[in-house]
J.: 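Quick one: the structure is below, and I'll ask about it shortly.
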There are 2 protein chains.
Amino acid sequence: MTRPRADGRRVRGERRRAELIDAALRVIERDGVSGVTHRSVAAEAGVPTTSTTYHFASLDDLLVATLTSSAENMAADIRDSIESSRIKGASPAAAVAHMLAEAVGPRRGRTMAEYELYLLAARRPALRPAARRWLDVLTSLARNPDEVGFRAFLSGVDGLLLQGLIDDEPPTAAELLPVVEALLAPLR
Amino acid sequence: MTRPRADGRRVRGERRRAELIDAALRVIERDGVSGVTHRSVAAEAGVPTTSTTYHFASLDDLLVATLTSSAENMAADIRDSIESSRIKGASPAAAVAHMLAEAVGPRRGRTMAEYELYLLAARRPALRPAARRWLDVLTSLARNPDEVGFRAFLSGVDGLLLQGLIDDEPPTAAELLPVVEALLAPLR
DNA sequence: AATTTAGCTGAACAATCGTCCCAATACCCT
DNA sequence: AGGGTATTGGGACGATTGTTCAGCTAAATT
């Protein structure tokens with residue numbers, strides 16, 4: 001499998017590989033996981049069809065790489081969002097509610113893609129470590145990660161996102177705020 | 001859903017339609033939504049291939065019917081489960097924890113299927129009413145459905161199920177119990 | 001009994017799928 | 001500069017897909 005060496009060789013291929021992963025994520029946002037084919041991803045990336053088969057042994061490998069990358073991005077986004085809310089002095093609940101509203105509103109497609117990949121991990125054990133990645137990131141931000149209340153909070157966030165995706169009208173931050181506060185209440 | 005006409009005509013066809021829906025659900029449990037094809041469903045039901053195209057105008061229609069049926073079944077299961085736990089005198093938290101452990105343990109395949117259909121509803125507005133069905137059922141069981149704490153509880157249940165599906169080792173009722181209690185605490 | 005109708009089925013279609021193969025190219029190391 | 005290897009690109013293969021269609025069986029109607 002294409003892996004950059006310590007001496008810096010073989011960098012060219014890694015770039016295209018990354019472009020294919022990004023293209024795959026865009027395809028999933030637009031058409032869902034079922035829309036991912038060698039051809040659709042290659043077309044989205046603007047490269048020949050067989051480029052996908054060269055860089056990824058199978059379609060499955062491409063999905064694994066995409067979920068891994070996606071989880072990493074999501075983790076970084078969450079970290080940034082919480083960081084910036086801390087700087088602006090907003091309450092934790094308000095920061096979380098705002099983030100959730102973004103996720104089910106403007107970033108809806110992205111959130112759908114991430115949960116489809118998330119659910120895919122339920123069927124393919126190879127994907128599970130990557131799927132658990134963002135839970136780990138959130139956990140690392142907690143003051144007391146082992147606390148039962150924190151697990152309840154994390155579950156609530158997952159549920160709110162999932163439910164927000166099947167609302168005809170995505171919930172606003174104002175609507176989400178009291179629920180987030182209820183989930184956060186046992187933690188203080 | 002399967003409904004004989006007043007004059008008794010056209011009962012046979014409705015039966016086969018229901019069989020196809022059940023077969024589709026079994027296929028989703030086994031291979032996921034992506035495994036649903038006209039041929040795989042027909043084979044699972046033990047009927048000729050084109051029987052699926054005769055009873056459902058398109059594959060999409062079959063998925064819509066399957067989700068609708070599945071949501072109805074799940075709603076009935078939850079109702080029964082809560083009923084029986086009330087009779088046995090167990091605490092609500094213990095009953096919920098037990099139900100969740102069943103869902104991510106022995107009934108794992110079924111739960112995966114339901115969440116895949118659930119997530120499918122995020123992309124197809126036509127599926128959303130059916131997807132919201134089981135939330136409605138749970139809501140109808142609540143003493144005070146509008147309460148914020150109850151929404152938090154429902155979200156937490158969704159999240160616990162989703163997270164339980166990507167665990168290598170499904171959580172036990174004993175492990176889930178304290179989290180469920182934390183989610184339930186604000187409600188009393 | 002004859003005929004109409006609903007229900008069902010097998011064969012076949014074009015389209016798309018994943019993947020393989022081979023030639024052309026770009027890059028690195030000696 | 002030259003040889004070797006990683007990468008790219010086009011074409012093609014067999015398999016599977018959703019769907020169509022004409023013909024079949026059995027029941028309902030007359």
J.: Can you measure B:E19 atom CD to C:dG7 atom P for me and round it to whole angstrom units?
T.: 15 Å
J.: To the nearest 0.5 angstrom, please state how far the CZ atom of B:R123 sits from the CD atom of A:E116.
T.: 4.0 Å
J.: What's the NE2-P distance between A:H55 and C:dC20, to the nearest Å?
T.: 16 Å
J.: I need the CZ-C1' distance between B:R16 and C:dG7, as an integer number of Å.
T.: 9 Å
J.: For DNA chain C, what residues of residues 20-34 of chain A have any heavy atom nearer than 4.0 Å?
T.: none
J.: Does A:R26 come within less than 4.0 Å of A:E44, counting only side-chain N to carboxylate O?
T.: yes
J.: List the steps, then state whether side chain to side chain donor-acceptor pair (under 3.5 Å) holds for A:S40 with A:T37.
T.: CA-CA 5 Å; A:S40 66; A:T37 70; 3.2 Å; yes
J.: Test side chain to side chain contact (heavy atoms under 4.5 Å, CB included) on A:R16 and A:H55; report intermediate values, then the result.
T.: CA-CA 8 Å; A:R16 172 158 289 194; A:H55 288 281; 3.6 Å; yes
J.: In this structure, are over 12 heavy atoms from other groups packed under 6.0 Å from B:R30 atom CZ?
T.: yes
J.: Look for any protein N or O under 3.5 Å of an N or O in nucleotides 19-21 of chain D and output each such pair with its distance, or none.
T.:
| unit_1 | atom_1 | unit_2 | atom_2 | d |
| --- | --- | --- | --- | --- |
| D:dT19 | OP2 | B:L59 | N | 3.3 |

J.: What is the distance, to the nearest angstrom, from the OH atom on A:Y54 to the P atom on C:dA26?
T.: 15 Å
J.: Between A:R17 and A:D22, does a salt bridge (charged side-chain N to carboxylate O under 4.0 Å, His left out) hold up when you go through it step by step?
T.: CA-CA 9 Å; A:R17 208 181 127 94; A:D22 283 353; over 6 Å; no
J.: Please check if atom NE2 in A:H38 has more than 12 non-hydrogen atoms from other residues, nucleotides or ligands closer than 6.0 Å.
T.: yes
